[in-house]
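Below, chains carry the letters A, B, ... as their sequence lines are ordered, and counting in each starts from 1.
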Amino acid sequence: MTDNIYTLIRERVLAALQAAVPDLPPELAARVEVTPTRDPAHGDMATNAALIAAKPARLPPAKIAAALAAALAQAPEIASAEPAGPGFVNLRLAPATLLAAIPAVLRAGEAFGASTTGHGKRINVEYVSANPTGPMHVGHCRGAVVGDALANLLAKAGYAVTKEFYVNDAGNQVAALAWASYWRYLESLGTALTEEEFAASVPGGLQYRGDYLVPVGVKLAEAYGASLAGPDLTVGDPASWLPVVRQFAIDAMLASIRIDLAELGVTFDRFSSERELLESGAPDASIAKLQADGLLYQGVLEPPKGKLPDDWEPREQLLFRSTQFGDDVDRPLRKSDGTNTYFANDIAYHAAKAARSDVLIDVLGADHGGYVSRMKAATKAITGGTVLLEVVLCQIVRVMKGGEPVRMSKRAGTFITLSDLLEFVGRDAVRFTMLTRKSDAQMDFDIDAAVAQTRENPVFYVQYAHARCRSVLRAAADMPGISIDPAASLDSLQDEAELAVVRRMMGWPRTVEAAAEAREPHRIAFFLYDLAADFHMLWNRGREATTLRFLQPDNLAYTQARVALVASVATVIRSGLQVMGVAPVEEMR
RNA sequence: GCGCCCGUAGCUCAAUUGGAUAGAGCACCAGACUACGAAUCUGGGGGUUGGAAGUUCGAGUCUUUCCGGGCGCGCCA
């Protein structure tokens, strides 16, 4: 069951190919494609079937193509089929087949394009997973949007999706957060210590000096008075205050992250806590399992070539044989103090996710690129190869304003927060713009362009097309005898600009399936831009020739067909925007 | 030094996963408003897809090797 006409036509092609080349190996049949043509002169679709089959059949591609064309021309959906080029068969659909896309859209509504290619497989998408040590900044934003849209896309393609956020609430970073929060706490109580005096007593030095922790300090003081401080508001014994302050600060940071995410329209099915994972003993269980499988050993790693760390000394440590699973070097699981490395805990986390999933996807920032191969290796090892990890890497986003990069420095506390960006640009523009690039390509986010009300801004351009559709439909609603009717006769839709729009919409299910398989949500943005361009072009045809306008009061049958067309364009745009998490607008303001 | 990602029109980016003559926007030039919304549309010029070699019916896409940019590189997460 699918809306994808390409799937249906491919069945026809395979049947014809089976007749022409009876003993075609199945693995070659899998390579047969039916694709949209680039050049409209080549018809609606083309297939490479003859090229694929030529070698095993020991026949010239052109000869097979001719046979295929003759057979395919008999199919009811196909108006004509012609061999072309080196061995393609170009197909032109029967008008009724083409126009059937319109009632298909109208009947399915925004669900149009939904597919079953995911077969209900459980797929877990982990994204954002920002450390709860500060507000979300623009660096997190791309991963948040890409992960969220990818999850929506996979759901539309028929996967059972879980959206997951991993809370790194254990380890040194959150300890540093606790110290920084404690400083703001003493400060709000009016301690005589200076910041530098305090910093001197912090193991590893005082981090997170941004003033976003000031309110946390104030709230700590309100909740606990001076009870967490030492004598005369000096630094008290960490053993007594640190666990309290740490949890308090983590909760505050998580609350702020959730607010920012909600503002961005990003939601999760599940938050998983690293601390809870540790307390459950899962990491030890994972290590024990790997040990039992003979994948761990005590060994000494070679130093990295070329760039030797200053304090390098050979050290024996517990290593995981990730090289057996495609990694470059084996990876350590224990620090010298006996505690687990982050990697060791993350193995347990991925094992936990794998236990309730068929496929895992991590959406990571580019700075985690070096982490990918070991995590894939570990996932393969801990699940015995039954669950594989895929990684979508999001490259750096450089925020531009007035043609200049906006400088960011987290250390100095002058970074652009996500909520700042949302205030400048707005949720829909942020989300759409973040999806106008392949995620593994670096990107400049131009604030000026994202709010521009012109064609160069794809958000605006697509929204404008939708608003124009709605404008027509509002006018149509006032016309007697006119309605959005899936059963309307569409025979009058014959203009090339009209058919171009229909062809584009016909490709939506195929785009969903291909984008989902490739894990590339940005394709949705490009599809919508192209559909919007087709529609704007058609619209303008109506300016030049009034006979091409949608609403003709003296010709109800003609108008009914165009109303159906316009309504289906609006529906497909909404269907795509829904995947992107962008709200359609009824009119431009 | 090693690994991963990227390199496409002057600029920002696509290219249906190996398909036919590599496409859009911006910028530049020339046009279309008695409006279902001109915030749009039409036409034009602009390319050795970083360089070289290879794989095959066919390469921007795959392999090798250089060049350039980004990220990472044993107890940070």
(message) List the residues meeting ring-ring contact (aromatic ring centres under 6.0 Å, His included) with A:His536, not counting sequence neighbours, and say none if there are none.
(response) A:Tyr461, A:Tyr464
(request) Name the orientation class of the two ring planes belonging to A:Trp539 and A:Phe550 (parallel below 30°, tilted from 30 to 60°, perpendicular beyond 60°). (result) perpendicular
(request) Anything under 30° is parallel, anything over 60° is perpendicular, the rest tilted; go ahead and classify A:Trp508 against A:Phe527. (result) tilted
Expressed in angstrom and rounded to an integer, what is the separation of [X] atom [atom1] from [N] atom [atom2]?
| X | N | atom1 | atom2 | answer |
| --- | --- | --- | --- | --- |
| A:Tyr349 | B:A77 | OH | P | 17 Å |
| A:Leu548 | B:U42 | CG | P | 14 Å |
| A:Leu364 | B:C71 | CG | P | 17 Å |
| A:Asp367 | B:C73 | CG | C1' | 13 Å |
| A:Tyr371 | B:C71 | OH | P | 21 Å |
| A:Arg549 | B:C33 | CZ | P | 12 Å |
| A:Asp444 | B:C6 | CG | C1' | 13 Å |
| A:Gln442 | B:C4 | CD | C1' | 13 Å |

How would you label the contact of [X] with the nucleic acid (heavy atoms, under 4.0 Å): base, sugar-phosphate, or nothing?
| X | result |
| --- | --- |
| A:Pro36 | base |
| A:Glu313 | base |
| A:Arg510 | base |
| A:Gln173 | sugar-phosphate |
| A:Pro314 | base |
| A:Glu274 | sugar-phosphate |
| A:Ala170 | sugar-phosphate |
| A:Ala46 | base |
| A:Glu33 | sugar-phosphate |
| A:Asn131 | sugar-phosphate |
| A:Leu551 | base |

(message) Suppose we call a contact any N or O donor and acceptor under 3.5 Å apart; does that hold for the side chain of A:Arg523 and the base of B:U16?
(response) no
(message) Between B:A20 and A:Asn90, counting only base atoms on the nucleotide and side-chain atoms on the residue, is there a donor-acceptor pair under 3.5 Å?
(response) yes
Report the nucleotide, chosen from [options], that has the shortest atom-to-atom distance to any side-chain atom of [X].
| X | options | result |
| --- | --- | --- |
| A:Tyr342 | B:G37, B:A77, B:U16 | B:A77 |
| A:Lys438 | B:A15, B:C5, B:C36 | B:A15 |
| A:Leu51 | B:A14, B:C57, B:U12 | B:C57 |
| A:Met537 | B:A77, B:C41, B:U21 | B:C41 |
| A:Gln453 | B:A39, B:A14, B:G37 | B:A39 |
| A:Asn172 | B:C36, B:G70, B:C76 | B:C76 |
| A:Arg38 | B:G60, B:U56, B:C41 | B:G60 |
| A:Lys335 | B:A15, B:G3, B:A77 | B:A77 |
| A:Lys55 | B:C57, B:C41, B:A77 | B:C57 |
| A:Asp328 | B:U12, B:C41, B:G3 | B:G3 |

Gap in Å between the two [atom1] atoms, one belonging to [N] and one to [M], rounded:
| N | M | atom1 | answer |
| --- | --- | --- | --- |
| B:G54 | B:U61 | P | 14 Å |
| B:G60 | B:A9 | P | 14 Å |
| B:G23 | B:A27 | P | 22 Å |
| B:U8 | B:U40 | C1' | 29 Å |
| B:G25 | B:A39 | C1' | 15 Å |
| B:A22 | B:G45 | P | 14 Å |
| B:C33 | B:G19 | P | 43 Å |
| B:C13 | B:C71 | P | 16 Å |

(request) Answer yes or no for this row: A:Tyr464 ring on B:U40 base, centroids under 5.5 Å, planes under 30°. (result) no
(message) Using the six-membered base ring of B:A20, report whether A:Phe88 stacks on it, requiring centroids under 5.5 Å and planes under 30° apart.
(response) yes
So which nucleotide does [N] pair with, by the Watson-Crick or G-U wobble rule with both distances under 3.5 Å?
| N | result |
| --- | --- |
| B:C2 | B:G72 |
| B:G25 | B:C11 |
| B:U16 | none |

(message) Counting C-beta onward and ignoring hydrogens, is there a side-chain heavy-atom pair between A:Leu319 and A:Val329 closer than 4.5 Å?
(response) no
(message) With salt bridge (charged side-chain N to carboxylate O under 4.0 Å, His left out) as the test, pick out the partner of A:Asp44 among A:Arg503, A:Arg92, A:Arg38.
(response) A:Arg503
Short N-O contact, [X] and [Y], less than 4.0 angstrom:
| X | Y | answer |
| --- | --- | --- |
| A:Lys438 | A:Glu520 | no |
| A:Arg562 | A:Glu498 | yes |
| A:Glu164 | A:Lys353 | no |

(request) Let me know which of A:Phe343, A:Tyr166, A:Phe165 forms a ring-ring contact (aromatic ring centres under 6.0 Å, His included) with A:Tyr349. (result) A:Tyr166
(message) Both A:Thr454 and A:Ile52 contact RNA chain B. Which one's nearest nucleotide lies toward the 5' end?
(response) A:Ile52
(message) Go nucleotide by nucleotide along RNA chain B from the 5' end; which of A:Met45 and A:Leu538 gets its closest nucleotide reached first?
(response) A:Met45
(request) Measure from NZ or CZ of A:Arg510 to the centre of the six-membered ring of A:Tyr6 and say whether it is under 6.0 Å with the direction within 45° of the ring axis. (result) yes
(request) For B:G25, take OP1 and OP2 only and decide whether either is under 4.0 Å from a side-chain N or O of A:Arg455. (result) yes
(message) Check this one for me: any side-chain N or O of A:His368 less than 4.0 Å away from OP1 or OP2 of B:C5?
(response) no
